[in-house]
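Have a look at the structure below, then the notes.
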Amino acid sequence: LIVGYTGLIGINILASLLNLKKKFQTKSNIICLNNSDISHDLKKFLINNNIKYYKKDITKNFKLNNKFDLIIFCAGYSAPFKFMRQNENTILTQSIGLKNVSTYLNKGGKLVYFSSSEIYNGLKKNFNENFSGNINYNNPRAPYIVGKKFGEAYCNLIAKKGYSVLILRLCLAYGPGVNIDDKRVLNELVFNSLKSKKIRLLDDGSAVRNYIYINDVLYYLFKLINKSKYNLYNLTGNSITTILNLAKKISKINNSKLIISKKKNGIPGAVKYVNISSKRLNKEYKNNNINLNDGIKNVISWYKLIFKN
């Protein structure tokens with residue numbers, strides 16, 4: 001069961017599971033759950049591949065006919081402009097929604113919960129799995145962060161009841177598969193550089209980010225589902241960059257104009273430094289992660305394909 005399958009993470013997990021099913025000729029069933037309308041093309045894709053999909057509001061009572069050996073929970077908004085606007089839905093999805101979904105997990109099954117590096121908001125150091133940040137309730141990002149903290153705590157509660165859980169604190173995944181209206185920084189920069197041939201930064205671009213390409217996310221995800229020493233991991237890459245350098249890369253590739261603001265008009269509550277520890281992850285699994293330049297080029301190709309269609 002994939003809960004939240006239309007975003008970058010969910011749609012790529014769906015494609016990967018489908019490829020594995022075809023490659024190994026397995027009889028496993030893939031079920032998709034979402035709370036929004038989907039495009040005609042996606043609906044056609046699901047039907048052609050015999051994938052059952054349901055539109056359900058997981059924050060309310062809903063019914064499914066089966067229990068599952070594997071539930072991957074990647075529901076909810078991850079773009080700040082969305083989760084700050086849809087703040088009530090955001091916190092309820094990660095709390096009531098997760099609780100409701102977990103009732104469909106078989107006793108011997110595994111629940112994979114996608115948390116976020118936003119968990120560390122409020123810390124200046126110790127960005128590892130033994131810590132989390134502190135955030136005041138009136139912070140505009142609080143519903144998202146508190147929701148993710150609830151999700152992690154609830155996963156630990158059901159783990160004590162004998163269920164298998166895997167919590168992944170994901171840090172800035174990117175790659176093909178994003179929706180055209182995705183307003184996260186990298187995607188917004190690519191969109192504007194192609195659409196208007198201009199990139200206009202909201203501030204000086206000095207904030208630091210560490211990106212991980214979607215293929216690398218999938219590599220670690222399936223490795224950890226198969227075998228993991230812990231039930232909590234930071235899931236991050238090694239593409240550390242400032243927003244300014246990111247914009248310069250995209251501007252150069254697309255031959256677009258870069259405008260740097262002298263004012264601070266950034267998103268409320270955004271942290272200055274996002275680079276979490278991957279020590280625990282890399283002790284168990286090593287991967288030659290795709291470099292940022294190649295990843296950006298793939299995202300640009302994806303957006304060009306969207307524009308064409």
Side-chain angles (χ1 to χ4, degrees), residues 2 7-24 26 69-74 78 110-120 123 125-133 148 151-152 155-156 159 164-178 184-186 208-242 245-246 249 271 273-299 301-302:
I2 307 173
L8 172 66
I9 303 301
I11 200 69
N12 278 281
I13 291 173
L14 170 59
S16 298
L17 288 174
L18 186 59
N19 287 336
L20 289 171
K21 182 178 179 179
K22 290 179 178 179
K23 181 178 179 180
F24 296 104
T26 66
D69 296 318
L70 176 63
I71 297 177
I72 301 177
F73 191 97
C74 39
S78 55
K110 182 183 287 288
L111 170 65
V112 179
Y113 178 69
F114 273 91
S115 186
S116 169
S117 59
E118 290 267 0
I119 285 285
Y120 296 108
L123 290 182
K125 59 180 181 178
N126 297 324
F127 302 109
N128 66 63
E129 292 86 349
N130 295 320
F131 297 90
S132 65
K148 290 296 186 183
E152 291 192 9
C155 285
N156 277 294
S164 176
V165 301
L166 175 64
I167 303 165
L168 301 174
R169 291 179 176 174
L170 180 63
C171 182
L172 300 174
Y174 76 106
V178 293
R184 284 173 288 187
V185 174
L186 188 150
V208 175
R209 299 291 182 263
N210 188 357
Y211 287 93
I212 181 168
Y213 191 66
I214 186 60
N215 288 23
D216 300 319
V217 172
L218 296 172
Y219 169 83
Y220 291 120
L221 170 65
F222 290 116
K223 286 287 189 181
L224 291 168
I225 287 175
N226 183 57
K227 184 180 179 181
S228 62
K229 185 177 179 180
Y230 303 94
N231 68 359
L232 171 63
Y233 292 84
N234 285 340
L235 187 48
T236 184
N238 52 15
S239 295
I240 303 170
T241 180
T242 63
N245 285 336
L246 181 65
K249 288 177 185 290
V271 295
Y273 184 84
V274 180
N275 180 23
I276 63 178
S277 171
S278 59
K279 188 175 180 180
R280 175 180 290 184
L281 180 69
N282 291 332
K283 268 189 175 181
E284 291 186 49
Y285 298 107
K286 294 188 181 298
N287 183 41
N288 293 321
N289 292 356
I290 189 168
N291 68 64
L292 188 58
N293 286 335
D294 290 338
I296 288 172
K297 290 176 182 178
N298 291 341
V299 175
S301 296
W302 170 256

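Below, each value reflects all heavy atoms present in this structure, side chains not excepted, and no hydrogens, waters or symmetry copies.
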Tell me whether [X] contacts the main-chain N or O of [Y] through its side chain, where contact means a donor paired with an acceptor under 3.5 Å.
| X | Y | result |
| --- | --- | --- |
| N275 | F127 | no |
| R280 | L232 | yes |
| Y120 | N128 | yes |
| N231 | L166 | no |

Looking only at heavy atoms, which two atoms of [X] and [Y] are closest? And how far apart?
| X | Y | result |
| --- | --- | --- |
| C155 | I167 | CB-CD1, 3.8 Å |
| Y220 | N282 | OH-OD1, 3.7 Å |
| G10 | C74 | CA-SG, 3.8 Å |

Rounded to the nearest 0.5 Å, what's the gap from [atom1] on [X] to [atom2] on [Y]? Could you check?
| X | Y | atom1 | atom2 | value |
| --- | --- | --- | --- | --- |
| N12 | I2 | CG | CD1 | 10.5 Å |
| K297 | K249 | NZ | NZ | 10.0 Å |
| L224 | K110 | CG | NZ | 9.0 Å |

I want to check something: taking the side chain as every heavy atom from C-beta on, are [X] and [Y] in contact at a cut-off of under 4.5 Å?
| X | Y | value |
| --- | --- | --- |
| L186 | V299 | yes |
| Y211 | V185 | yes |
| L172 | N210 | no |
| Y219 | N288 | no |
| N289 | S239 | no |
| L292 | L246 | yes |

More than 12 heavy atoms from other groups under 6.0 Å of CG on N130: yes

Residue among D216, L168, N226 satisfying side chain to side chain contact (heavy atoms under 4.5 Å, CB included) with L221: L168

Test side chain to side chain contact (heavy atoms under 4.5 Å, CB included) applied to L281 and L235, N287, N234, the passing residue: L235

Carboxylate-amine/guanidinium proximity below 4.0 Å for R169 and E152: yes

Cation-pi, Y113 ring and K148 (6.0 angstrom, 45 degrees): yes

Centroid-centroid distance, Y213 to Y174, less than 6.0 Å: yes

